[in-house]
Amino acid sequence: QVKPEVSLEYWAASWWPLPGGGQNWASPAVDKSADYWWMTPDYHKTGFADQLDVFQLGAYLEKPEHVKDAIARAKTLINGDCTMYGTISAIEKDFDMENGVYTCLTDSEGLMVFDLSHIERNGFWDEIARGVKRASYAEDNGIRFVDASAFPLYGKVSDETDSRYERLPSRLKGVSRDAVWYLGRNSAGLYIRFRSNSSSIHLRWESMFNNTMNHMTDTGTKGLDLYTIHEGKWRHVCSARPTGKFNTAAVIRNMDSVEREYMLYLSLYDGVSSLEIGVDKDAFIDQPAVDRPSSEKPVVMYGTSILQGGCANRPGMAHTNIISRRLDREVINLGFSGNALLDMEIAELMASVEDPGLYVLDYVPNASAKAIDEVGEKFFRIIRDAHPDVPVIFIEDPTFPHSAFDKKILEEITTKNAAQKRLFDKLKKQGEKKIYYIPTEGMIGDDGEATVDAIHFTDLGAVRYVDHVMPVIEKALRKR
């Protein structure tokens, strides 16, 4: 040690291992010889991360999410032996510099951008400044972030999904139609439960697709929605409004520092790749102390874009989420926009729920009369054979407001509802006892004010729908 006060820093590309390059920047404690045929059992001893003060990871990749993955992998290889900075390249003008900077500063312990000439040439200074500002959010606001994976997630049939905040199990990849699989990656109906005494709640999340639609708010599409138990009931606190793919938001501030139970609804028409919950530095955040909504005997609902949540202003106003709060019971949302086409693997997925309280079949807005006649009973039988005593509700197509003028739409609604009623009557004649029927009349009112685009519900439409179906849902659950 000639000059021990001098920091020894080393840069290397994020690719690892690189046997031809003669470098092993990993920790000597990390043995990966079982993963690579050419590695000798002693190869890990050549690692030199423990000799460094700082390792600069060269994550010169196309997208910030790739940078994020590279940093996560490098952390396991470094094993805490030294400080690690993420480094990114400014060579490509279309690189998302703001989110690249943000990713390095939040996922690693520092940042290097290569290099000044490219930053100047591509005009990246403002983007870098925005990334730094976002990354300093926690320190600036006196909070700490905790990964939401530490807290229970509800609204899923199976935990065996490609990533945590998806609805369809991995086994359906390549089995379900591509459209259904994609929509299953949207986090509609999923919610996190936690407890805290923090005076403020903050959220940091990455949207999977950064979707936007012209008939639905971004908050409903890819935002988050916070509720708490207040005076014995679930009450809305506030929403987290997104600004893009990577988001940080203060949901609520200046509360009394008392313990509260929280429920956080996830995005309706986008996925969530990562999620952190921010609380005051001196506050606690912990597991929920009560099972509310009750996770026993969940309600399983299958349907269309409306059931998925279109077009609620915020996630809590999707009608499945309203029903869940009114029942104080878990509801599993299997809504697939434009794709409730009676796919049999979805019936099998619904049947796989271990102890359901109720099934709701609300597919008519998507399914054709021909499909209902031909495969509707088969879809039902998959569910019924698995759960002979569980009630099943069949729901008709809403009478959409433009059907008062568009005669073709009116004919389509009438024809499909007739097919749904034929199926129900057939099952009743076969001796089915625990089945219920909800007709279209009065479902969303007759004043034409319940939809955004004559089809998808506004919040008003969702509330009217819930008011219409709740008496039958409650009756069916009593029979359970």
Side-chain angles (χ1 to χ4, degrees), residues 1-4 6-92 94-119 124 128 131 135 147 149 160-166 170 173-174 206 208 245-246 273-274 276:
Q1 293 186 346
V2 179
K3 292 185 177 181
V6 175
S7 176
L8 177 60
E9 302 189 11
Y10 181 85
W11 181 98
S14 59
W15 303 298
W16 188 95
L18 287 172
Q23 59 168 313
N24 179 10
W25 45 260
S27 167
V30 175
D31 183 3
K32 294 288 185 179
S33 58
D35 299 335
Y36 300 91
W37 65 268
W38 53 266
M39 275 191 189
T40 66
D42 290 337
Y43 180 81
H44 65 95
K45 295 179 181 179
T46 67
F48 54 81
D50 61 332
Q51 302 298 312
L52 303 176
D53 293 296
V54 177
F55 174 59
Q56 296 188 16
L57 178 75
Y60 293 2
L61 303 169
E62 292 183 357
K63 297 180 179 180
E65 48 264 48
H66 300 159
V67 175
K68 187 181 188 74
D69 292 342
I71 291 173
R73 181 170 180 266
K75 281 182 176 179
T76 66
L77 296 170
I78 294 294
N79 197 37
D81 282 1
C82 64
T83 298
M84 185 179 73
Y85 296 169
T87 79
I88 52 180
S89 170
I91 293 175
E92 300 298 330
D94 60 354
F95 179 71
D96 186 353
M97 182 59 69
E98 177 183 341
N99 287 315
V101 168
Y102 174 79
T103 297
C104 288
L105 290 175
T106 54
D107 287 28
S108 77
E109 296 167 282
L111 166 72
M112 187 273 280
V113 182
F114 177 83
D115 64 5
L116 283 171
S117 63
H118 300 307
I119 294 172
F124 276 142
I128 290 172
D147 197 302
S149 63
E160 296 177 354
T161 50
D162 276 9
S163 61
R164 187 175 197 234
Y165 305 114
E166 300 186 31
S170 301
K173 190 174 185 178
E206 178 186 351
M208 188 175 291
K245 183 173 176 60
F246 297 87
S273 297
S274 63
E276 297 170 281

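Quantities reported herein were computed from a predicted structural model and do not represent experimental measurements.
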Gap separating the [atom1] atom of [X] from the [atom2] atom of [Y], nearest 0.5 angstrom:
X      : Y      : atom1 : atom2 : result
Phe246 : Ser273 : CZ    : OG    : 8.0 Å
Leu57  : Tyr10  : CG    : OH    : 12.0 Å
Ile71  : Thr106 : CD1   : OG1   : 7.5 Å
Ser274 : Glu206 : OG    : CD    : 4.5 Å
Ile91  : Asp115 : CD1   : CG    : 7.5 Å
Ile88  : Ile128 : CD1   : CD1   : 7.0 Å

For this session: Kindly write out the residues that satisfy salt bridge (charged side-chain N to carboxylate O under 4.0 Å, His left out) with Glu276, not counting sequence neighbours, or none if the list is empty.
Result: Arg204
For this session: Using the test salt bridge (charged side-chain N to carboxylate O under 4.0 Å, His left out), find all partners of Asp53 that sit at least two apart in sequence or belong to another chain.
Result: none
Going by the rule ring-ring contact (aromatic ring centres under 6.0 Å, His included), which residues pair with [X] if we only count those two or more places apart in sequence or in a different chain?
X      : answer
His118 : Phe114
Phe124 : none
Phe55  : Trp25

Shortest non-hydrogen contact between [X] and [Y], atoms and distance:
X      : Y      : result
Gly100 : Pro64  : N-CG, 3.8 Å
His44  : Pro28  : ND1-O, 2.6 Å
Cys104 : Ser108 : O-OG, 2.5 Å

Compare all side-chain heavy atoms of [X] with those of [Y] and state whether any distance is below 4.5 angstrom.
X      : Y      : value
Asn79  : Asp50  : no
Val113 : Met97  : yes
Ser163 : Met208 : yes

Side-chain donor-acceptor pairs of residues 14-21 under 3.5 Å, sequence neighbours excluded:
| residue | atom | partner | partner atom | Å |
| --- | --- | --- | --- | --- |
| Ser14 | OG | Gly58 | O | 3.4 |
| Trp16 | NE1 | Asn24 | OD1 | 2.9 |

Problem set entry | Results of side-chain hydrogen bond (donor to acceptor under 3.5 Å, both in side chains) for Gln51 - residues two or more places apart only | none
For this session: Check side-chain hydrogen bond (donor to acceptor under 3.5 Å, both in side chains) between Asp162 and all other residues, then give those that pass, not counting sequence neighbours.
Result: Ser170
Problem set entry | Pairs meeting criterion salt bridge (Lys or Arg N to Asp or Glu O under 4.0 Å) with involvement of residues 62-85, two or more places apart |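 Salt bridge (Lys or Arg N to Asp or Glu O under 4.0 Å) check on residues 62-85 returns Lys68-Asp107.
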Exercise. With sequence neighbours left out, which residue pairs that include part of residues 26-43 fulfil the salt bridge (Lys or Arg N to Asp or Glu O under 4.0 Å) condition?
Worked result: Asp42-Lys45
Exercise. Residues two or more places apart in sequence or in another chain: which of them pass side-chain contact (heavy atoms from CB on, under 4.5 Å) with Thr76?
Worked result: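 For Thr76, no residue satisfies side-chain contact (heavy atoms from CB on, under 4.5 Å) once neighbours in sequence are set aside.
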Exercise. Excluding sequence neighbours, so at least two apart, what forms side-chain contact (heavy atoms from CB on, under 4.5 Å) with Glu9?
Worked result: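 Listed in chain order: Ser7, Val54, Gln56.
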For this session: Flag yes if more than 12 heavy atoms outside Glu92 fall under 6.0 Å of its CD atom; otherwise flag no.
Result: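 Result for CD/Glu92: open.
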